[in-house]
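Labels below follow one simple rule: chain letters A, B, ... track the order of the sequence lines, proteins then strands, and each chain is numbered from 1.
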2 protein chains.
Amino acid sequence: MKDGPDIARIASLIGDPARANMLTALMAGKALTASELAQEAGITLQTASSHLRKLELGGLLQPLRQGRHKYFSLANEEVAQTLEALMGLAANVGLLRTRPGPKDKALREARVCYNHLAGNMGTRLFDSLVSRGFLRLADDEISLTSSGAIFVQEFGIDLGQLRAGRSRLCRRCLDWSERRSHLAGSLGRALFTRIEELGWAARDRESRVVTFTPHGRAAFNKLLGHQEAI
Amino acid sequence: MKDGPDIARIASLIGDPARANMLTALMAGKALTASELAQEAGITLQTASSHLRKLELGGLLQPLRQGRHKYFSLANEEVAQTLEALMGLAANVGLLRTRPGPKDKALREARVCYNHLAGNMGTRLFDSLVSRGFLRLADDEISLTSSGAIFVQEFGIDLGQLRAGRSRLCRRCLDWSERRSHLAGSLGRALFTRIEELGWAARDRESRVVTFTPHGRAAFNKLLGHQEAI
DNA sequence: GTGATGCTTCGATTAGCATCGAAGCATGAA
DNA sequence: TTCATGCTTCGATGCTAATCGAAGCATCAC
């Protein structure tokens, strides 16, 4: 009864609506200031400050002071993955906060998840990389094969720089809407950044929705090696 | 801000200490009655009843009436996996409920996780099955290869019966102490049941700890194809 | 039937915590 | 320096929810 980690503490941290809203907002991957998070959660700055303090002490957020601003982001990918798992459960029970509307459909199609691509487009990307032998799966470790390295560099990604960073290159992240994996890790982030650079897709300003241009969608499909019928 | 699933509702369900204790107790995989869960959580039966109602409505528990008893178990494996993810986060931040003692060490070595084997022994089993080509990993789908099927049946498992059941044969489950996958799904449960049948290991009565006999440990290692030095 | 056991419902109490106004304290701009 | 902006701390308020006693309602044993 009293062995094992104390899940109640962190679950109750996530369990407050205001804090949950902040965390959800941070799932987009951008660091946000205390004021922005307060607005996101619909509370005053004082209240937000108190919440942020708790989240920080609980190890869920990583703060960064810059002048008189204080930026917050999720502490690490494990936090993001746990939040996705909770979203999966919530979606399962039908606890969607809004009626499934156009926004919801767009979210399921493509969204940003801690700076990498999620939703249908995300899992399709992952599947394609695996089936073409660019990613190898062994236990939880995902690794980039040599042919995968070539593919990625031809797509315009500086692999050396990624490998020099201290965060893991490849990770899997369970997608709550698709219920399968998509690619996370620094490579996942780099791929999505490159897709943005190429102008194939753009993030919505106020949500996690990612919108592909018609051309971008076609190019993306071609990249995956699919015959395309728009 | 208000798109996506409502994680606050379920997180707050898990976030109450009494409910978290009940859920943790149910991670052992056995169905428990309301009274047993009340005792597990250290609260009266009335209070427990109210909590259990909420967990049931929230889709986290699956009730089963039997006469004047009401048995509860976790609703599905997704719930168990989310709880493991939360345990991982909690352990990360150092939120262990007790000082790491002998019990904790035993938990990390081998424990039961929703009726399958977890901890160091669990991940070693998984690794061995994968590296010997008995399990194939493709995206999130894990499948048993034909050589794997032979291996499993030689171990004394009725594969036909498992396949007839409606729950998935193979699943991965992220281990909070090892931070890697072990095998879940009906096959994972069957393997552990068989290990119990053979007398290789036994569950602790009051915790999730699994204790291997010296002979059982040796046999287990031999099963994994390891040279054994006790 | 009677009594015992297991669970649920009701009602009252209590404690914890989210909330915000007001004041304090930095940082940056003029 | 003076003022504005962004965040934190303090204190008071109010609401929510956990808790348990007591009563109610099934089920089982006899």
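- No salt bridge links A/Arg171 with A/Glu84; every basic N to acidic carboxylate O contact stays at or beyond 4.0 Å.
- One finds no side-chain N or O of A/Thr47 lying less than 4.0 angstrom from the OP1 or OP2 phosphate oxygen of C/dA18.
- Between the OH atom of A/Tyr71 and the P atom of D/dG6 there is a distance of 10 Å, given to the nearest Å.
- Rounded to a whole Å, the NE2 atom of B/His69 is 12 Å from the P atom of C/dT5.
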Would you tabulate the nitrogen or oxygen pairs shorter than 3.5 Å linking the protein to nucleotides 9-14 of chain D?
none

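- Proximity of B/Leu83 to B/Leu74: side-chain heavy atoms (C-beta onward) are separated by under 4.5 Å at one or more points.
- Between A/Arg19 atom CZ and C/dT19 atom P the separation is 8 Å, expressed in whole Å.
- Taking atom CG of residue A/Asn21 and atom P of nucleotide C/dT19, one finds them 10 Å apart after rounding to whole Å.
- The closest side-chain heavy-atom distance from A/Leu60 to A/Ile14 is below 4.5 Å.
- A salt bridge does not link B/Glu40 with B/Lys30: every distance from a Lys NZ or Arg NE/NH1/NH2 to an Asp or Glu carboxylate oxygen is 4.0 Å or more.
- Of the listed nucleotides (D/dA17, D/dT19, C/dC17), D/dA17 has the atom at the smallest distance from the side chain of B/Lys54.
- When rounded to the nearest whole Å, the span between NE2 of A/His51 and P of D/dT8 equals 13 Å.
- Residues B/Leu55 and B/Arg19 meet the side-chain proximity criterion, which asks for heavy atoms closer than 4.5 Å.
- The nucleotide whose nearest atom lies closest to any side-chain atom of B/Lys70 is, among D/dA18, C/dT8, C/dC17, C/dT8.
- Going from atom CZ of B/Arg68 over to atom C1' of C/dA4 covers 7 Å, rounded to whole Å.
- In terms of position on DNA chain C, the residue among A/Gly67 and A/Ala18 whose nearest nucleotide sits closer to the 5' end is A/Ala18.
- Remark: the backbone N or O of A/Gly185 is paired with a side-chain donor or acceptor of A/Glu77 at under 3.5 angstrom.
- One can place CG of B/Leu13 at 11 Å from P of D/dA17, the figure rounded to the nearest angstrom.
- To the nearest angstrom, P of C/dA26 lies 11 Å from CZ of A/Arg65.
- Checked against salt bridge (charged side-chain N to carboxylate O under 4.0 Å, His left out), B/Arg194 has the following partners two or more places apart in sequence or in another chain: B/Glu197.
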